[in-house]
There are 4 protein chains.
Amino acid sequence: MTDTAVAGPVVQQRLPRQRADASRNYERIVTAAAQLFLERGADVPLDEIAQRAGVGNATLYRHFANRNELIRVVVLSLMSCLSAQAEQIGATEPDAFEALRRFAHASADLLIGGLCAVFSDRLDLADPELCEAREQMEDAFELMLRRARESGQLRPDIGVGDLIVPIVQLTRPLPGTAQATVEPYAHRHLELLLDGLRAPQRSVLPGSAATLADLRLSAHRLNDEPCTTPNGKPVH
Amino acid sequence: MTDTAVAGPVVQQRLPRQRADASRNYERIVTAAAQLFLERGADVPLDEIAQRAGVGNATLYRHFANRNELIRVVVLSLMSCLSAQAEQIGATEPDAFEALRRFAHASADLLIGGLCAVFSDRLDLADPELCEAREQMEDAFELMLRRARESGQLRPDIGVGDLIVPIVQLTRPLPGTAQATVEPYAHRHLELLLDGLRAPQRSVLPGSAATLADLRLSAHRLNDEPCTTPNGKPVH
Amino acid sequence: MTDTAVAGPVVQQRLPRQRADASRNYERIVTAAAQLFLERGADVPLDEIAQRAGVGNATLYRHFANRNELIRVVVLSLMSCLSAQAEQIGATEPDAFEALRRFAHASADLLIGGLCAVFSDRLDLADPELCEAREQMEDAFELMLRRARESGQLRPDIGVGDLIVPIVQLTRPLPGTAQATVEPYAHRHLELLLDGLRAPQRSVLPGSAATLADLRLSAHRLNDEPCTTPNGKPVH
Amino acid sequence: MTDTAVAGPVVQQRLPRQRADASRNYERIVTAAAQLFLERGADVPLDEIAQRAGVGNATLYRHFANRNELIRVVVLSLMSCLSAQAEQIGATEPDAFEALRRFAHASADLLIGGLCAVFSDRLDLADPELCEAREQMEDAFELMLRRARESGQLRPDIGVGDLIVPIVQLTRPLPGTAQATVEPYAHRHLELLLDGLRAPQRSVLPGSAATLADLRLSAHRLNDEPCTTPNGKPVH
DNA sequence: AATGAATGAGTGTTCATTCAT
DNA sequence: AATGAATGAACACTCATTCAT
């Protein structure tokens, strides 16, 4: 993935009249942020992002009012890339399950783990731009799943969340390590999961499939309650 | 899971003559820490842990010289519980794959996601107590896998890391949310993964199985290098 | 100087009925405190003093309400030793200047640098016990000086403060170092000073001689004022 | 002494393009630090230094990474002033001993007592800038001494440490008091010492002259050993 | 517009002092 | 009486955010 692959689509949405150096700085900041969020987590000092981008810290603030704004743009950028990938694979891969498989791995390659931030309390759930990007992405997954299901290769009890959430989780950087650490394993484990997705199904799944929005909502609901195990017993 | 289930085994290793109130506080701190680490990540203010434990901040420091000490004990406690579970399940469940399956879900119930801290740079890789607990845990998994493999129910190309890492990842709390948010989905996705583990295998896996130590080592190797994708292209 | 040399005289002044272990602890604390104050400054953690004394920290507080109490006793102990030395030397040394000289060096040997605490704001200037000890010590010096002056060996423009203050200063441990570091030099420089004290005088001294009380008073007067140089210009 | 007299030489060494307000703050911090270190010791809360300088605490940290950095600059500044004084006096005073005398008193006026920090474990003994400043200062003293010795006015058994150390000690602020408290006496006692330095010598000195580096080294050697009196008996 | 600098709120940690055994 | 433990108030240092150049 190149710099423009991440920052490009979003940058294009910005207002036209902008000094050349300003838009160059904007891109450099987004790029540096994407790198550092993945390498060091969502809490990296903004000063370091500015430094890696080669700009002053105040310049970062000129473009992004706060850390959440920056996260938002990085996430939008990632989701945008993802949707584009889906479209391209869907258009070219004849086998439906193989398309799903390739898309899943492509997502991992796109470091979709960064998307975990989608669920972060740092993002405004109602942000229209974000919602739209998310729906677009979910639609892409949905389409892939429908086709695979219709082809008879996908077990029928699978929803979009059953794919996105595991991809997000399996590709997250392990805490304290760079993204690159998990990546080789991510593909391997993803493959195992995909095998579990194939028809005929080998088990009865507990729970039900969820969308990202579902997850986000349940997170909101639970956030202030005491932490309990699924059996309802308080933790510890 | 009760308090003693988490803190017990470690507490038992402490020196004998300890005032009742002190050991009560010790356990309360470990318990509060385990909760808050899961709910809010490894960076929760220690003051909040002390507050939730109902003790002064300095009391926490009397028991644990710093945050890493505390993490270490929490992790040891979790791993210890896990090994005990394995033993119990292995002794009672006749079907080998079902034993594996139950153990995997039990691990998720034990909030094993917290174990992600094993990989954290916060822990001393060489700490003997930690190594021992990790090996014990890996042995338990190894035994489960061997039996399932010998019973012909497990695909043969699976190593211990192929189980532990996905469990850790799938059960990690989504960033910014409480552990409880993922948990229902964790079991569901784990089940999918387990289906992928069953024989006959439905795909050829990329990469190779890894142990926790492997992961940790590769993390060390990569940490100072520039972050690259598996294809060798620099990220972004 | 032995342990009892420091702690002894003061201990004898305490009330009679006391458990044997209590009075043993008292002495051990004073001894440990005297050591650590000299080695590490007046700010050593009291817990360390208790530890070196081999008692619990709370035991220290049973004997001394706070750090100042402890300093007070250590200082009293040192001054007491000093007065005893003066008496002994005065009684045995026939040459008056030599007596002064020996006393000065004996004072240095007694680590009189610790007396700097006399001036510390940590001590109650009006404390009667302290005043008495100070006067006693000053009397001893006074007597030495008078005899030396009468013998014609001492220049006439010298007061008691002209001896005590330089001794205190020259024997203070250099910051960040143990007392022992200066000690060899202290005797050497003291000797130089004593040479300066001999008659006939080689210069006209600025200012006037001071007593410890004078110093202490002027310290009080100045403490809250802005810091100025002797010329009245503000420092820096 | 004016602000620039203290902070000037060091400030001049900083990188060229600096905002006016930043360099003003830098000087104010150094000035405030020099004052407070002398008034209250090397342990004054940095927040208070910041407050006296009229800046926020974080501003202090922008300029000095930690307390030792600050001490280092203050010390460098003092030593630099001192060397300049020596040069000026040496060039204008025809009488060699009088030059020495004037320099000694000028040193006291420069609050050289603050130099005690030279010995502090807070300073990096190997710091090249510091070493250079120290050597420069010692050279200045050395030159003064040689001239006085050659003129026949200085007793021959005197080394540079025999001047610097007593000056440092005699001008140190008494603990718990402002620098100003000792200052009047410092000049008086210094004069006595200088009288002791004059030829013909009136005594045989014990020990030998030392440089600052010697002192620092012996401090290092002794710091971890048990504290003993010069006679080899353990203290107390 | 870009930026270096300023800043206050927050966190980890220490320590004098008090409490409970 | 002795003591291990508890505690809150300090202090060093960091960082997001704002200010001034």
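Chain letters run A, B, ... following the sequence lines, proteins first, then strands; residues in each count from 1.
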Summary of salt bridge (charged side-chain N to carboxylate O under 4.0 Å, His left out) pairs that have at least one residue in residues 42-51 of chain D, sequence neighbours excluded: D/Arg40-D/Glu48, D/Asp43-D/Arg122
field: Flag side-chain contact, heavy atom, 4.5 Å: D/Glu69 against D/His63
entry: no
message: Need to verify one output field. Residue with the more 5' nearest nucleotide on DNA chain F, D/Arg24 or B/Gly56?
response: B/Gly56
task: Among E/dA2, E/dA5, F/dA2, find the nucleotide with the atom closest to the side chain of C/Asn25.
output: F/dA2
- prompt: Nearest-Å distance, CD (D/Gln51) to C1' (F/dC11)?
  reply: 14 Å
statement: ring pair (Phe, Tyr, Trp, His ring centres under 6.0 Å) filter on D/Phe64, not counting sequence neighbours, yields D/Tyr26
- request: Using the test salt bridge (charged side-chain N to carboxylate O under 4.0 Å, His left out), find all partners of A/Arg28 that sit at least two apart in sequence or belong to another chain.
  value: none
field: Partners meeting side chain to side chain donor-acceptor pair (under 3.5 Å) with C/Arg52 (sequence neighbours left out)
entry: C/Gln35, C/Glu39
task: Nearest whole angstrom, please: distance from the P of F/dG8 to the CG of B/Leu60.
output: 13 Å
Consecutive-pair stems (at least three Watson-Crick or G-U pairs, under 3.5 Å) that include DNA chain E: E:2-21 with F:2-21
task: Check whether any side-chain nitrogen or oxygen of D/His63 sits under 4.0 Å from OP1 or OP2 of E/dA6, and answer yes or no.
output: yes
query: Counting only N and O atoms by type, is there a donor-acceptor contact under 3.5 Å from the side chain of C/Thr31 to the main-chain atoms of C/Glu27?
result: yes
task: Report the residues that fulfil side chain to side chain donor-acceptor pair (under 3.5 Å) with C/Arg67, sequence neighbours left out, ordered by chain and then residue number.
output: none
task: Would you mind building the protein contact string for nucleotides 12-19 of chain E? One character per nucleotide, 5' to 3', B for base within reach (heavy atoms under 4.0 Å), S for sugar-phosphate only, - for untouched.
output: SBBBSBBB
message: Would you say B/Thr59 places a side-chain N or O within less than 4.0 Å of OP1 or OP2 belonging to F/dA5?
response: no
field: Length of the line joining D/Arg62:CZ and E/dT7:P, which is rounded to integer Å
entry: 11 Å
field: Whole angstrom value for the distance that separates P of F/dA12 from CG of D/Leu70
entry: 11 Å
message: Between B/Ile49 and B/Leu46, is there a side-chain heavy-atom distance shorter than 4.5 Å?
response: yes
- request: Measure the distance from CZ on C/Arg28 to C1' on F/dA2 and round it to the nearest whole Å.
  value: 13 Å
- prompt: Mind checking what makes side chain to side chain donor-acceptor pair (under 3.5 Å) contact with D/Asn66, not counting sequence neighbours?
  reply: none
